[in-house]
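To start, I am sharing the structure in question, which I have written as structure tokens.
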Amino acid sequence: MDITPLDRNGMAAWCARDIPEGWLVNLGIGIPTLVADFVPADREVIFHAENGVIGVGPAPAPDAINPFLINASTTHVTLRTGGSYVHHADSFAIARGGHLDLCVLGAFEVAENGDIANWARSADEPVKQVGGAMDLAIGAQRLWVVMEHTTREGEPRIRQRCTYPLTAKGVVKRVYTNLAVLDLTAHGFVVRDMIPGMTLEALQERTEARLLSG
Amino acid sequence: MTGDARQFTATVSTAADGRATLPRMIDKFVHSMADAMTGIADGSTILLGGFGDVGTPTALLDGLIQQGARDLTIVAVAGGRDGSAIEQLLSLGRVRKLICSFVRPASLSGRLLQRGDLEVEIIPQGTMAERMRAAGAGITGFYTPTGADTLLAEGRETREIGGRLCLLEYPLPGDVALIEAWSADRWGNLTYRDSAQNFNPVMAMAAKLTIAMTRNVAALGELAPETIVTPGIFVNRVLHVPL
């Protein structure tokens with residue numbers, strides 16, 4: 001059976017399905033930002049943006065853009081009814097202080113010890129883009145990662161140990177890829193879900209870390 | 001910085017017998033960009049508010065370019081896109097060091113960094129905000145788990161607290177803060193529009209000289225006290241720059 005890996009929206013939708021009502025959630029830049037589009041409007045999930053927005057709503061209509069209201073990707077957004085604003089120090093107090101039920105980040109690599117690498121491709125790379133990822137990764141109650149299962153060249157990104165500079169140690173709880181959903185447990189990665197047609201053996205071939213069946 | 005630079009503008013009244021009396025009115029409004037920029041010295045550390053285009057005091061940055069101070073350390077969320085006022089300051093060779101949470105590879109700051117032509121200190125964004133908050137709050141250092149397990153901690157003091165590795169961070173004060181407000185009164189009380197607070201209130205607390213541009217002017221007493229985010233005690237000068 002042919003398998004069709006999920007596209008960016010497919011991964012975002014897979015993640016969105018698992019976010020329950022009532023959670024305070026920060027979505028990182030890239031695929032994670034798309035997750036909000038797949039949380040039904042009648043499910044009250046509160047999205048936090050690092051630039052001080054609590055209750056980020058969907059994109060505005062083109063004729064209703066508020067130039068003073070953006071998210072952490074500097075994209076124009078709306079504010080949900082009930083939303084509020086804080087300054088940057090309080091916004092990161094929310095992130096660092098354990099007030100986020102969930103943070104969803106993109107990554108270059110994750111490892112079976114829960115490490116995440118998402119800010120630099122090598123220690124020598126001069127241009128580094130840490131942004132708020134380190135504060136979010138260590139502070140949220142749970143960190144989920146959404147990313148392609150392998151690199152474009154087919155190299156594994158689900159590792160025994162990260163090869164890129166770390167963002168944080170031992171914090172990843174779950175990974176959504178274009179092939180599978182993996183939970184991180186004390187024993188390592190447990191396969192929670194796979195796309196249709198995927199087998200544990202075929203998934204293991206694309207994964208450096210050892211996979212356990214769910 | 002000179003002591004003069006920190007004084008607010010005061011209206012001095014003159015008694016009938018010609019003797020000047022004490023200033024009777026706090027009025028932090030300045031009426032020209034040149035007045036707003038007075039006293040910013042070469043070598044200053046400038047805290048620059050804003051996130052993307054929102055809450056960014058672009059007019060004040062243009063004023064700083066005109067004013068001419070050089071050898072500056074700029075503290076901002078990012079190294080600025082091409083076309084931004086930060087890029088202009090960089091291209092004029094006025095920046096000695098950039099302290100920010102990221103630079104874009106496809107920007108002047110990214111290109112200067114890649115060539116080794118600009119000193120850049122990359123700080124996690126939350127740590128950057130908290131270091132400025134600490135500077136304004138009289139906190140002389142703090143431990144945070146942010147970055148403690150990473151390259152950013154190399155050669156620095158760490159300590160295990162409550163079972164977590166934490167990194168010692170020091171305050172990040174500014175000589176000058178340039179910020180943008182939505183509305184201001186003559187005491188320098190400030191309100192912000194929507195998500196335009198971002199770094200502005202924290203930077204206002206962290207600098208010796210805080211210069212705000214405001215889109216709107218309110219009479220004293222007009223701003224509801226509970227809506228004032230930055231009390232005027234943290235603000236030295238206000239320049240009205242209408243939208």
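Lettering follows sequence order; numbering is per chain, from 1.
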### Query
Looking at Ile122(B), Leu151(B), Asn200(B), which has the largest count of heavy-atom pairs under 4.5 Å with chain A?
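Greatest number of close heavy-atom pairs with chain A: Leu151(B).
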### Message
Given heavy-atom pairs under 4.5 angstrom as the criterion, report whether the side chain, backbone, both or neither of Ala95(A) touches chain B.
### Response
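No part of Ala95(A) comes within 4.5 Å of chain B.
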### Task
Please look at Val77(A) and chain B and tell me whether the side chain, the backbone, both or neither of the residue comes under 4.5 angstrom of a heavy atom of that chain.
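For Val77(A), neither part sits under 4.5 Å from chain B.
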### Message
At a 4.5 Å cut-off on heavy atoms, which part of Arg193(B) comes close to chain A: side chain, backbone, both, or neither?
### Response
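When you check distances to chain A, atoms from both the backbone and side chain of Arg193(B) fall under 4.5 Å.
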### Query
Is a donor on one side and an acceptor on the other found under 3.5 Å between the side chain of Arg164(B) and the backbone of Ile138(A)?
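A pair under 3.5 Å: yes.
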### Interchain contact, Val202(B) with chain A, by part (heavy-atom threshold 4.5 Å)
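Only the side chain of Val202(B) comes within 4.5 Å of chain A.
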#### Entry: Separation between NE2 of His87(A) and CE of Met205(B), rounded to the nearest 0.5 Å
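Between atom NE2 of His87(A) and atom CE of Met205(B) there are 7.5 Å.
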### Message
Can you give me the closest heavy-atom contact between Asp194(B) and Leu69(A), atom names plus distance?
### Response
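Between these two residues, the closest heavy atoms are CB-CB, 4.4 Å.
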### Criterion side chain to side chain contact (heavy atoms under 4.5 Å, CB included) against Met134(A), the qualifying member of Thr127(B), Leu167(B), Thr144(B), Thr150(B)
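Single side chain to side chain contact (heavy atoms under 4.5 Å, CB included) partner of Met134(A) among Thr127(B), Leu167(B), Thr144(B), Thr150(B): Thr150(B).
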### For chain B, the option from Asn51(A), Val53(A), Leu166(A), Asp115(A) that forms the most heavy-atom pairs under 4.5 Å
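Option with the top pair count is Asn51(A).
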### Query
Given that the side chain runs from C-beta out, which part of Ser84(A) has a heavy atom under 4.5 Å from chain B: side chain, backbone, both or neither?
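It is neither, since no heavy atom gets under 4.5 Å.
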### Task
Using non-hydrogen atoms and a 4.5 Å limit, figure out which bit of Asp90(A) sits close to chain B: side chain, backbone, both or neither.
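Asp90(A) has no heavy atom closer than 4.5 Å to chain B.
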#### Entry: Per-residue contact mode, Leu118(B) against chain A (heavy atom under 4.5 angstrom)
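Leu118(B) has no heavy atom closer than 4.5 Å to chain A.
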### Task
Give the member of Ile123(B), Asp149(B), Leu165(B) that has the highest number of heavy-atom pairs under 4.5 Å with chain A.
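The answer is Asp149(B).
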### Task
Count the heavy-atom pairs under 4.5 Å between each of Ala93(A), Ala72(A), Ser73(A) and chain B, then report the option with the highest count.
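Counting heavy-atom pairs under 4.5 Å, the top option is Ala72(A).
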### Task
Count the heavy-atom pairs under 4.5 Å between each of Gly131(A), Ala137(A), Gly132(A) and chain B, then report the option with the highest count.
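Top option by heavy-atom pairs under 4.5 Å: Gly131(A).
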### Task
Measure the shortest side-chain to side-chain distance between Phe92(A) and Glu130(B) over non-hydrogen atoms and say whether it is less than 4.5 angstrom.
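They are not in contact (no side-chain heavy atoms under 4.5 Å apart), so the answer is no.
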### Task
Among the options Ser109(B), Gly126(B), Gly52(B), pick out the one with the most heavy-atom pairs lying under 4.5 Å from chain A.
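With the most close heavy-atom pairs to chain A, the winner is Gly126(B).
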### Message
Looking at every non-hydrogen atom in both residues, tell me the closest pair between Val130(A) and Ser101(B) and how far apart they are.
### Response
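Scanning both residues, the minimum pair turns out to be CG1-O, 3.1 Å.
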### Task
Output yes when a side-chain donor or acceptor of Ser195(B) lies under 3.5 Å from a complementary backbone atom of Ile70(A), and no otherwise.
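Yes; judged by distance alone, with no hydrogens or angles, the pair exists.
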### Message
Counting heavy-atom pairs closer than 4.5 Å to chain B, which one of Leu79(A), Asn71(A), Val86(A) comes out on top?
### Response
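When all of Leu79(A), Asn71(A), Val86(A) are compared, Val86(A) has the most.
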### Query
So Phe68(A) and Trp182(B), would you call those rings parallel, tilted or perpendicular, with 30° and 60° as cut-offs?
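The rings of Phe68(A) and Trp182(B) stand perpendicular, inter-plane angle above 60°.
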### Task
Output the option from Gly79(B), Ala78(B), Pro201(B), Ala196(B) having the highest count of non-hydrogen pairs under 4.5 Å with chain A.
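Top option by heavy-atom pairs under 4.5 Å: Pro201(B).
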### Query
Using the benzene-type ring in the case of Trp, are the ring centres of Phe51(B) and His88(A) under 6.0 Å apart?
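Yes; His88(A) has its ring centre under 6.0 Å from that of Phe51(B).
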### Task
Quick one: pull up CD in Glu125(A) and CG in Leu113(B) and give me the separation to the nearest 0.5 Å.
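It is 10.0 Å, given to the nearest 0.5 Å.
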### Arg81(B) portion near chain A, given a 4.5 angstrom heavy-atom threshold
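It is the side chain, since no backbone atom gets that close.
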